[in-house]
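Every chain is numbered from 1 and lettered A, B, ... according to where its sequence line falls, protein lines coming before strand lines.
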Amino acid sequence: MRWFNRHSSFCHYIHTSTFSTANLKPNHQINTDRLTDQTTTLQNVVSWNRTISKCLRNSQIIKAQSLFDKMPVKDIVSYNTILSGLNQSKNPEKVCQVFLEMERAGLKPNEYTLSIILSAVLNTELKVLVPQIHARIICLALNASVFVGSALMKAYANAGDGVGLSKAFYEILNKDVTSWNALVSGYMELGCMHEAQKTFDTMPEKDVVSWTTLVNGYIRNKRIKKARSIFNKITGKNVISWTVMISGYVQSERFVDALKLFVLMVKSDTMPNKFTYSSVLDACAGCCSLLVGQQVHSSIMKFGIPEDVILSTSLVDMYAKCGDIDAAFYVFESMQRKNLASWNSMIGGYGRHGLGKRALEEFERMKKMGVKPDEVTFVNLLSACGHGGLVEEGEKHFDSMETKHGIQAEAEHYACMVDLYGRAGQLDKAEKLIKEMPFEGDVVIWGALLGGCGLHSNMKLGELAAEGISRLERHHPAVYSMLTKIHGENGAWNIVVKLRKMLNEKRVRKQKAGSWVESPFLEM
DNA sequence: CTAGGGTTAG
């Protein structure tokens, strides 16, 4: 019976489509038309897509988006292209929104789509969705893909899920060196150095990225010496390997080591890039080496490194921290594009130089340009007021933080205000502020109070501040030297002798201080 | 025409 039916319908099919001379001509005609129609639409979509991705390459995201909205027909590549653009301009909410629009339009996501989605949820609250995205990936049978797999691994590592990380790895069908590197990197991000090292040792093949990943992992886990010893073993070091190690030294505040390594890098004929230069300038700023900073600046100009916001901000910061505020301002003014960090750096620089009024002027100019201040801006601004003796201005801006700008005052801001009152000799106001704080005082806040007491030889509050610090951190060097100073000035010599004795017994060392005069000199 | 691993600033 079944055979018969099938046969009969087959006959019917043959009869109507193939053997009916009457229907052949018009059918054929219509099919060709539809085919031509589809071909032109397809070509159209591809050319639209090409135009949109060209816009994105020139970072014209607005233009790309309006083109995307105008498209008569969108395919999966159109969506992937715009999703990738939105992802690059750090707009994860919009990525998810467009992704849902795509789903509603009935288009099925592919490997590209999911790689982008996974990259978008990194470092956002949306990363809790990673296991759900993983489930979706499995339903679409994309979990065996090397691309989706490594994107998934990175997402799991970012979400702090080690089990998810290894699961995603083992689901990849043909693991390549990139997949293995993602595993090493993921374990390192989770702080599992042993697992990472074991993975590295058992990898079927290693490239320079594998080595750099390992070095970077040890740096992230504060094992700088271990990182250096592995770095030394890399045979084909490239710019990134060098930069990772240099920036590692900067992160652990070993600025001179960073500069020495930079010299070795230049000697090894590896061309630094903007990442390298940023790190090196940070090292110069860290050890107040204006001379090396100037040399690095010249080198950036000489090699024609393209204009970059982060690089220029590093320059501004380097000059400001090395004492050349005019050069800092010159670089700052020459910047084509400035962002919040650039403004913060300039305002901080003026503050450090005691130019409170200039800091306030820049703050006003920044707001006029439409740049919204953040918590860092206020730390710099309040400390500028403190260093410039602008008590009333400081108070005004401290109060405006929450009311005008919706920024909650944190410990650092309170520390700035305590410092401001302390310097101005208004220690009663400083004490009052500490008592009114919505949280417990930290070392910085008590330290600021202690500094003010030292400046104005206030024994009673100074003891209170010293107690505050000692509760949190025993034998802090600043406490001893400051108390010694205060009591000395008040003529309480018996206490001074006692403190000096304690200082020696506990082997408390005075803190190191930097100077613009004795900055390190490096032969290039 | 679109996607995966290692690098920068306040």
**Study point:** Distance, rounded to the nearest Å, where A:Ile234 contributes CD1 and B:dT7 contributes P
**Key:** 13 Å
Practice item. Can you figure out which of B:dG6, B:dG4, B:dA3 approaches the side chain of A:Gln88 most closely? Key: B:dA3
Review point. Less than 3.5 Å between a donor and an acceptor, one on the side chain of A:Asp374 and one on the base of B:dG10, is that the case here?
Key: yes
Review point. A:Asn273 near the nucleic acid: base, sugar-phosphate alone, or nothing, with a heavy-atom cut-off under 4.0 Å?
Key: base
Review point. Which pairs with one or both residues in residues 57-73 of chain A pass side-chain hydrogen bond (donor to acceptor under 3.5 Å, both in side chains), sequence neighbours excluded?
Key: none
Review point. Any donor-acceptor pair under 3.5 Å joining the side chain of A:Ser150 to the base of B:dG4?
Key: yes
Study note, to complete from the structure: A:Ile116 CD1 to B:dG4 P, in whole Å, measures 8 Å
Point to revise | Protein-nucleotide distance (A:Asp282, atom CG; B:dG10, atom P), rounded to Å | key: 5 Å
Revision key, fill the gap. Which of B:dA3, B:dT2, B:dT7 is nearest the side chain of A:Thr243? It is B:dT7
Point to revise | Out of B:dG4, B:dA3, B:dT8, whichever nucleotide has its closest atom nearest the side chain of A:Ile310 | key: B:dT8
Check your understanding: Are any of A:Ser247's side-chain N or O atoms less than 4.0 Å away from OP1 or OP2 of B:dT7?
Key -> no
Exercise for review: Report which part of the nucleic acid A:Lys154 touches: base, sugar-phosphate, or nothing (heavy-atom distance under 4.0 Å, all strands).
Suggested key: sugar-phosphate
Review point. Can a cation-pi geometry be assigned to A:Lys74 and A:Phe68, taking NZ or CZ under 6.0 Å from the six-membered ring centre and within 45° of the ring axis?
Key: yes
Point to revise | Interatomic distance, A:Leu122 CG vs B:dG4 C1' [rounded to whole Å] | key: 12 Å
Practice item. May I have the distance from A:Trp242 (atom CH2) to B:dT7 (atom P), rounded to whole angstrom? Key: 18 Å
Practice item. Report which part of the nucleic acid A:Gln251 touches: base, sugar-phosphate, or nothing (heavy-atom distance under 4.0 Å, all strands). Key: sugar-phosphate
Exercise for review: Please check the phosphate of B:dG4 (OP1 and OP2 only) for any side-chain N or O of A:Ser115 closer than 4.0 Å.
Suggested key: no
**Study point:** Distance in angstrom units between A:Leu214 CG and B:dG6 P, rounded
**Key:** 13 Å
Review point. Base, sugar-phosphate, or nothing: which does A:Ser179 touch, judged by heavy atoms less than 4.0 Å apart?
Key: base
Review point. Is A:Val209 touching bases, backbone alone, or none of the nucleic acid, heavy atoms closer than 4.0 Å?
Key: base
Exercise for review: With the side chain of A:Ser185 defined as its heavy atoms from C-beta on, choose the nearest nucleotide among B:dC1, B:dG10, B:dG6.
Suggested key: B:dG6
Check your understanding: Among B:dT7, B:dG10, B:dT2, which is the nearest nucleotide to the side chain of A:Ile240?
Key -> B:dT7
Practice item. Using a strict cut-off of less than 4.0 Å between a Lys/Arg side-chain nitrogen and an Asp/Glu carboxylate oxygen, indicate whether A:Glu253 and A:Lys222 qualify as a salt bridge. Key: no
Study note, to complete from the structure: Quick note, A:Tyr112 side chain, CB onward, closest among B:dT7, B:dG4, B:dA3 is B:dA3
Review point. Is any side-chain N of the basic residue among A:Lys175 and A:Glu205 closer than 4.0 Å to the acidic one's carboxylate O?
Key: no
Review point. What nucleotide among B:dT8, B:dG10, B:dG6 has an atom nearest to a side-chain atom of A:Val208?
Key: B:dG6
Review point. Is A:Ile234 close to A:Asn232 at the side-chain level, that is, under 4.5 Å between some pair of heavy atoms?
Key: no
Practice item. Measure distances between side-chain N and O atoms of A:Asn339 and base N and O atoms of B:dA9, and say whether any donor-acceptor pair falls under 3.5 Å. Key: yes
Review point. Taking atom P of B:dT2 as reference, at what distance in whole Å does atom CD1 of A:Ile61 sit?
Key: 14 Å
Review point. Just to confirm, is there a sub-4.0 Å distance from OP1 or OP2 of B:dT7 to any side-chain nitrogen or oxygen of A:Thr276?
Key: no
Check your understanding: What's the closest nucleotide to the A:Ser278 side chain, out of B:dA3, B:dT8, B:dT7?
Key -> B:dT8
Review point. Within the structure shown, what part of the strands sits under 4.0 Å from A:Ile82 by heavy-atom distance: base, sugar-phosphate, or nothing?
Key: nothing
Exercise for review: Using a strict cut-off of less than 4.0 Å between a Lys/Arg side-chain nitrogen and an Asp/Glu carboxylate oxygen, indicate whether A:Arg358 and A:Glu362 qualify as a salt bridge.
Suggested key: yes
Point to revise | A:Arg104 NZ/CZ over A:Phe99 ring centroid, <6.0 Å and within 45° of normal | key: no
Practice item. Nearest whole angstrom, please: distance from the C1' of B:dG10 to the CD1 of A:Ile325. Key: 13 Å
Check your understanding: On a plain distance test, is the side chain of A:Asn216 in donor-acceptor contact with the base of B:dG6 below 3.5 Å?
Key -> no
